[in-house]
J.: 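Input: one structure, supplied below.
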Amino acid sequence: MILQQFMPKVQLSMQQNKIYKIYQLLYDKYGPQGWWPYINHTPSYHPLDYSFPKNQDEIFEVCLGSILTQNTTFSSVVKSLNNLKELNCLSSQKIKNIDKETFKTAIKPVGYFNQKTRYILEFIKFYDSLNGSVPTRDELLNVTGIGEETADSILLYAYNQPQFKVDAYTKRLFLHLGFIDEKYKYKDIKNLVESKLKTIIKNQKDLIIVYQEFHALIVQHGKNFYSKKTYGAGCFLKDQL
DNA sequence: AGCCAGGCTACCG
DNA sequence: CGGTAGCATGGC
């Protein structure tokens, strides 16, 4: 089902919810992001279609992309995924069987290809052991190469679980707006967002979509106003709260 | 030329 | 515990 616009049912207490207000302002400004690209779909971006991932192959592709995208740009990830596609190497089984040097060459555009090859092979061992079931966050964190952000990326975008994903832009934005201070760690920021949103969005599917769009919107906004010092220069959000 | 990107591990004090 | 070097390519 493709919507014309996504508008979650929200409880009335939202007037005082600045976190949700930020989400609304960003959504009004940038619109739905359809954020996670799927290289076998045209177009790969799919705003307002929340029926992804559609099968196990697409779940695995998101997991793979979540690791590949660590500290790099998604355009590099797409290049690497397309290289793997040309090698017919987008499944866990195929990656296990391919020559390791060939694999490293394929993912070269994302950088850190030695590390990431090791991380991906570690992840595949875990992924195969799942037999299609949904991993827990702690299980993911136990895999070498998967930290908090990658775990939440996999849970939120591959498995449609209600886990908000925090990144560097999120922290810079909330710092600039005065919602947090420097001491806030990943989990603190995650808890802040989740606690504010889940109390006013009772429908789980709506909550998941808001988490997915919110993170994507923060990245888009971050690219515009929080990618280089001084962070927040030109950001219009503070004035509109 | 230099900084940043949709981070994580290992190792240090 | 917190802090930091190392990982590596690509784009602007």
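Sequence lines set the chain letters: A, B, ... in the order given, protein chains first and strands last, and positions in each chain run from 1. All heavy atoms count here, side chains included; hydrogens, waters and symmetry mates do not. This structure is a prediction, so every number in the text was calculated from the model and none was measured.
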J.: With heavy atoms under 4.0 Å as the rule, sort A:Val143 into base, sugar-phosphate or nothing.
T.: sugar-phosphate

J.: With centres under 5.5 Å and planes under 30°, do A:Tyr157 and B:dG6 count as stacked?
T.: no

J.: So, is A:Tyr186 close to the B:dG7 phosphate, meaning a side-chain N or O under 4.0 Å from OP1 or OP2?
T.: no

J.: Are A:Phe6 and A:Tyr50, when compared by the centres of their aromatic rings, separated by less than 6.0 Å?
T.: yes

J.: Can a side chain N or O of A:Arg172 be found less than 4.0 Å away from OP1 or OP2 on B:dA5?
T.: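 Affirmative; the distance criterion is met.
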
J.: Is any side-chain N of the basic residue among A:Glu148 and A:Arg137 closer than 4.0 Å to the acidic one's carboxylate O?
T.: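 A salt bridge is present here (some side-chain N lies under 4.0 Å from a carboxylate O).
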
J.: Does C:dG10 pair with anything, Watson-Crick or G-U wobble, both distances under 3.5 Å, and if so, with which nucleotide?
T.: B:dC4

J.: Could you state the atom-to-atom distance from OH of A:Tyr119 to P of B:dG7 in whole Å?
T.: 13 Å

J.: Would you find a donor on one side and an acceptor on the other, under 3.5 Å apart, between the side chain of A:Tyr169 and the backbone of A:Tyr226?
T.: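 Judged by distance alone, no pair lies under 3.5 Å.
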
J.: So what does A:Lys116 hit on the nucleic acid, given a heavy-atom distance under 4.0 Å: a base, only sugar-phosphate, or nothing?
T.: nothing

J.: Once you apply a heavy-atom cut-off of 4.0 Å, does A:Gln115 come out as touching a base, just sugar-phosphate, or nothing?
T.: base

J.: Which whole-number value in Å describes the distance from A:His221 NE2 to B:dG6 P?
T.: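 A:His221 atom NE2 is separated from B:dG6 atom P by 15 Å.
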
J.: Please identify the 5'-most and 3'-most nucleotides of DNA chain C with any atom under 4.0 angstrom from a heavy atom of chain A.
T.: C:dG2 to C:dG11

J.: I need the CZ-P distance between A:Phe123 and B:dC8, as an integer number of Å.
T.: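 Result: 14 Å.
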
J.: Is the distance between the ring centroids of A:Trp36 and A:Phe74 under 6.0 Å?
T.: yes

J.: When the distance from CZ of A:Phe113 to C1' of B:dC8 is rounded to whole Å, what number comes out?
T.: 17 Å

J.: Given the P atoms of C:dC1 and B:dT9, what is the spacing between them in whole Å?
T.: 15 Å

J.: First locate atom NZ of A:Lys104, then atom NZ of A:Lys108, and finally report the distance between them rounded to the nearest 0.5 Å.
T.: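 So the NZ of A:Lys104 and the NZ of A:Lys108 are separated by 12.0 Å.
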
J.: Considering only the P atoms, how many Å lie between B:dC8 and C:dG10, rounded to the nearest integer?
T.: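 The answer is 22 Å between these two P atoms.
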
J.: Is A:Tyr169 near enough to B:dG6 that one of its side-chain N or O atoms lies under 4.0 angstrom from OP1 or OP2?
T.: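 Result: yes.
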
J.: Could you tell me if the ring centre of A:His46 sits under 6.0 Å from that of A:Trp35?
T.: no

J.: Let me know the distance between CZ of A:Phe164 and C1' of B:dG6, rounded to the nearest Å.
T.: 12 Å

J.: Using the P atoms only, state how far B:dG13 lies from C:dG6, rounded to an integer number of Å.
T.: 15 Å

J.: Taking the cut-offs as 6.0 angstrom to the six-membered ring centre and 45 degrees off its axis, would you call A:Lys54 and A:Phe52 a cation-pi pair?
T.: yes

J.: In whole angstrom, give the distance that lies between atom CG of A:Leu68 and atom P of B:dA5.
T.: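 Going from CG in A:Leu68 over to P in B:dA5 covers 19 Å.
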
J.: To the nearest angstrom, how far is A:Glu122 atom CD from B:dC8 atom P?
T.: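 Distance, rounded to whole Å: 15 Å.
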
J.: Determine the Euclidean distance between corresponding P atoms of C:dA8 and B:dC11; express it in Å to zero decimal places.
T.: 16 Å

J.: Could you tell me whether A:Tyr211 and A:Phe214 have their ring centroids closer than 6.0 angstrom?
T.: no

J.: Name the closest nucleotide to the A:Thr72 side chain, picking from B:dG6, B:dA5, B:dC8.
T.: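 The listed nucleotide nearest to A:Thr72's side chain is B:dA5.
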
J.: Using a heavy-atom cut-off of 4.0 Å across all strands, would you classify A:Lys185 as base, sugar-phosphate, or nothing?
T.: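 The answer is sugar-phosphate, as A:Lys185 gets under 4.0 Å only of primed atoms, P, OP1 or OP2.
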
J.: With under 30° as parallel and over 60° as perpendicular, where do the rings of A:His215 and A:Tyr157 fit, or are they tilted in between?
T.: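 Tilted: the ring planes of A:His215 and A:Tyr157 meet at 30° to 60°.
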
J.: Taking the minimum atom-to-atom distance to the side chain of A:Gln70, which one of B:dG7, B:dC4, B:dG6 wins?
T.: B:dG7

J.: Students often get this wrong, so: under 4.0 angstrom with heavy atoms, is A:Ile146 touching a base, only sugar-phosphate, or nothing?
T.: sugar-phosphate

J.: Taking atom P in both B:dG6 and C:dC7, what distance in whole Å separates the two?
T.: 22 Å

J.: Have a look at A:Phe74 and say if it touches a base, only the backbone sugar-phosphate, or nothing, with a 4.0 Å heavy-atom cut-off.
T.: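 Base, at least one base heavy atom under 4.0 Å.
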
J.: What integer distance in Å separates A:Asp152:CG from B:dG7:P?
T.: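 In whole Å, B:dG7 P and A:Asp152 CG are 13 Å from each other.
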
